[in-house]
Protein chains: 2
Amino acid sequence: MIDVQNPLLSKLSAFATLTNSERASLGRFDRPRRCFEIGTDLMREGEKNSTAYILLDGWVLSYKLLRSGERQIVDFQVPGDFLGLRSLLLRTADHSIEPVTPIIAVEIGMTDLLRIFRESPRLAAAMLWALSTDGAVVVERLVSLGRRDAIERVAHFFLELGARLKVVGLATGDGYACPLSQYHLADALGLSAVHINRVLRQLREEELMTFRAGKVTFDNFDKLVQIAQFDTAYMDHGGAARE
Amino acid sequence: MIDVQNPLLSKLSAFATLTNSERASLGRFDRPRRCFEIGTDLMREGEKNSTAYILLDGWVLSYKLLRSGERQIVDFQVPGDFLGLRSLLLRTADHSIEPVTPIIAVEIGMTDLLRIFRESPRLAAAMLWALSTDGAVVVERLVSLGRRDAIERVAHFFLELGARLKVVGLATGDGYACPLSQYHLADALGLSAVHINRVLRQLREEELMTFRAGKVTFDNFDKLVQIAQFDTAYMDHGGAARE
DNA sequence: AAGGTTGGTTAACGCATGTTAGCGCTACAT
DNA sequence: ATGTAGCGCTAACATGCGTTAACCAACCTT
């Protein structure tokens with residue numbers, strides 16, 4: 001049971017080396033593991049007293065709908081990420097969450113959170129740190145939408161995703177498996193699907209990166225980093241083992 | 001000394017009615033109050049072990065710079081807001097903070113946070129709630145940048161700011177004092193200053209709202225809400241006095 | 001086999017917004 | 001009084017991206 005928690009453990013370990021009892025504390029959720037198929041929302045905006053989850057396997061996306069029917073994807077979550085923790089604290093969901101692929105997740109409720117805070121302040125700090133990282137990612141996305149043009153935005157997105165997946169062992173320096181469609185990218189990056197397609201072609205033709213058939217391949221990582229002005233500083237504050 | 005904390009107290013009271021001892025606990029920061037003038041940053045991106053603050057008076061802005069020299073303003077903070085709490089948890093500042101007006105703020109450090117968590121779980125929950133609200137605001141801004149056009153964006157911005165100021169008694173339903181320049185709006189909303197000017201003129205000519213000489217006046221609140229698709233749901237989850 | 005659906009792809013056209021440039025006002029320093 | 005810096009304001013022009021409309025391939029479903 002502790003085993004499946006691996007992605008979260010890898011992430012938190014980037015913040016501080018956890019003791020065995022802390023690892024055990026994380027594993028001791030009595031709440032059930034749940035599976036969700038594509039098409040069934042985990043959480044819907046406006047919903048009261050929603051549950052939060054830790055994502056063990058698969059990808060999900062968080063989004064908000066506008067009256068016009070358009071949607072803005074706030075972020076994608078990958079194994080090891082928290083789902084809907086903010087909505088738990090707010091007591092009303094401020095966004096919706098749906099699977100991108102079939103997923104496995106563990107429920108967490110307020111009581112679990114409080115128990116962790118009681119049993120291990122260090123673990124609590126690690127979780128607050130992980131939450132803050134999520135916040136930093138959203139802020140960086142906001143910078144993208146506000147001040148980067150389409151190419152920079154797309155390049156930055158794939159680099160960031162790669163960095164996040166690497167932490168949980170799902171990416172190498174060369175690329176990673178990515179189940180998103182071009183429509184997903186459009187809704188996440190504030191562009192039209194047509195323009196996403198144009199940009200992907202350009203990235204391909206200039207031999208910077210390739211996104212095709214569910215695979216991201218970095219052809220010229222350094223140049224890509226330069227174009228995107230990608231700086232990992234906002235993501236890797238842990239550096240493992242401080243304090 | 002407790003008195004000056006009023007803006008934060010008003011905010012947290014929207015989440016739960018605080019006991020006298022909880023109010024006292026909030027007031028018992030031994031850290032000094034500090035003043036900052038325009039031009040002196042409170043925090044700079046990349047800085048290690050920065051301090052966080054509670055803003056008592058004045059306005060500040062949080063921003064990130066791009067290589068090109070452009071900047072994206074992430075959010076403005078008004079009295080009662082936390083400053084740099086995420087950077088405190090991350091141990092490295094992921095954004096910079098500078099005053100918009102001269103300000104007064106109280107320092108808070110990790111030790112203060114931990115003390116509050118120890119002394120009063122309810123107060124801790126209230127603070128986590130306030131933090132989550134800040135997160136929800138950033139997410140809503142992200143939706144604006146991704147999917148709203150210029151008019152909707154500007155309208156939404158002023159409505160949201162009004163709602164936030166109202167909580168701490170700095171706005172009425174008709175309008176509020178606002179020390180921002182059109183350049184501030186441009187950097188916050190991902191538009192050019194020229195276009196901000198165009199949009200403000202349009203809002204004025206269509207008698208929806210006026211922003212002039214440091215004052216925001218709502219001329220047709222309802223229509224403005226409709227144009228912006230402004231829904232306060234993401235801001236007022238507290239509703240005072242639940243549990 | 002036929003039809004529907006989803007995702008990728010491209011071209012033509014239009015528009016919202018950026019860019020550049022310039023004018024005027026106020027505040028403030030010299 | 002004179003410069004200078006910041007801010008508001010506007011016009012003319014340029015462009016990045018959206019929109020619409022197709023076509024194709026892969027994969028369902030029946």
Side-chain angles (χ1 to χ4, degrees), chain A residues 37-39 59 61 66 68-73 98-102 144-155 157-158 177-205 209-217 227, chain B residues 37-39 59 61 66 68-73 98-102 144-157 178-206 209-217 227:
Chain A
E37 292 304 315
I38 297 171
W59 291 38
L61 59 85
L66 295 174
S68 55
E70 292 178 301
R71 78 170 173 181
Q72 176 64 41
I73 293 177
E98 74 174 38
V100 174
T101 68
S144 273
L145 295 187
R147 288 289 174 228
R148 287 195 248 259
D149 68 20
I151 295 208
E152 295 167 351
R153 241 181 264 184
V154 172
F157 175 80
F158 281 116
C178 172
L180 305 178
S181 71
Q182 296 187 354
Y183 294 91
H184 285 134
L185 299 182
D187 283 345
L189 300 179
L191 298 165
S192 68
V194 173
H195 201 63
I196 287 286
N197 188 283
R198 285 196 271 253
V199 169
L200 287 177
R201 169 159 47 129
Q202 190 184 340
L203 287 169
R204 215 183 305 129
E205 285 173 357
M209 61 160 289
T210 313
F211 173 46
R212 200 164 238 175
K215 290 226 155 218
V216 172
T217 314
I227 287 175
Chain B
E37 293 303 317
I38 297 171
W59 291 37
L61 59 85
L66 295 175
S68 56
E70 292 178 300
R71 78 171 173 181
Q72 176 64 41
I73 293 177
E98 74 175 38
V100 174
T101 68
S144 273
L145 296 187
R147 288 289 174 227
R148 287 194 249 260
D149 68 20
I151 295 209
E152 295 167 351
R153 241 181 263 184
V154 172
H156 195 280
F157 175 80
C178 173
L180 304 178
S181 72
Q182 297 187 356
Y183 294 91
H184 285 133
L185 299 183
D187 283 345
L189 299 179
L191 298 164
S192 68
V194 173
H195 202 61
I196 286 286
N197 188 283
R198 286 196 271 253
V199 169
L200 288 177
R201 171 161 44 130
Q202 189 183 341
L203 287 169
R204 215 184 303 128
E205 285 174 355
E206 296 184 7
M209 60 159 291
T210 313
F211 173 46
R212 198 165 239 173
K215 290 224 153 221
V216 172
T217 314
I227 286 175

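Note on naming: letters A, B, ... go to the chains in the order of the sequence lines (proteins, then strands), and numbering restarts at 1 for each one.
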Does a side-chain N or O of [X] approach OP1 or OP2 of [N] to a distance below 4.0 Å, or not?
X        : N      : answer
A:Asn197 : C:dT9  : yes
B:Arg204 : D:dC9  : yes
B:Arg201 : D:dT10 : yes
B:Arg212 : D:dC9  : yes

May I ask you to say what [X] touches in the nucleic acid, namely base, sugar-phosphate or nothing, with a heavy-atom cut-off under 4.0 Å?
X        : result
B:Gly214 : nothing
B:Ser181 : sugar-phosphate
A:Leu200 : nothing
B:Ala150 : sugar-phosphate

[X] [atom1] to [N] [atom2]: how many Å, rounded?
X        : N      : atom1 : atom2 : answer
A:Tyr183 : C:dT6  : OH    : P     : 10 Å
B:Asp149 : C:dG18 : CG    : P     : 11 Å
B:Ile38  : D:dA5  : CD1   : P     : 18 Å
A:His195 : C:dC15 : NE2   : C1'   : 14 Å
A:Glu205 : C:dT10 : CD    : C1'   : 12 Å
A:Gln202 : D:dC17 : CD    : C1'   : 13 Å
A:Leu189 : D:dG18 : CG    : C1'   : 15 Å
A:Leu185 : C:dG7  : CG    : P     : 12 Å

Taking for each residue the nucleotide of DNA chain C bearing the nearest heavy atom, is the 5' side occupied by A:Phe211 or by B:Leu191? A:Phe211

To the nearest 0.5 angstrom, please state how far the [atom1] atom of [X] sits from the [atom2] atom of [Y].
X        : Y        : atom1 : atom2 : result
A:Glu98  : A:Ile38  : CD    : CD1   : 9.0 Å
A:Arg148 : B:Gln72  : CZ    : CD    : 9.5 Å
B:Ile151 : B:Arg198 : CD1   : CZ    : 11.5 Å
A:Leu180 : A:Phe158 : CG    : CZ    : 7.0 Å

Which sits closer to the 5' end of DNA chain D, A:Val194 or A:Ile151, going by the nucleotide each is nearest to? A:Ile151

Any donor-acceptor N/O pair under 3.5 Å between C:dG18 base and B:Arg198 side chain: yes

For a quick check under 3.5 Å, do B:Arg153 and B:His156 share a side-chain donor-acceptor pair by atom type? no

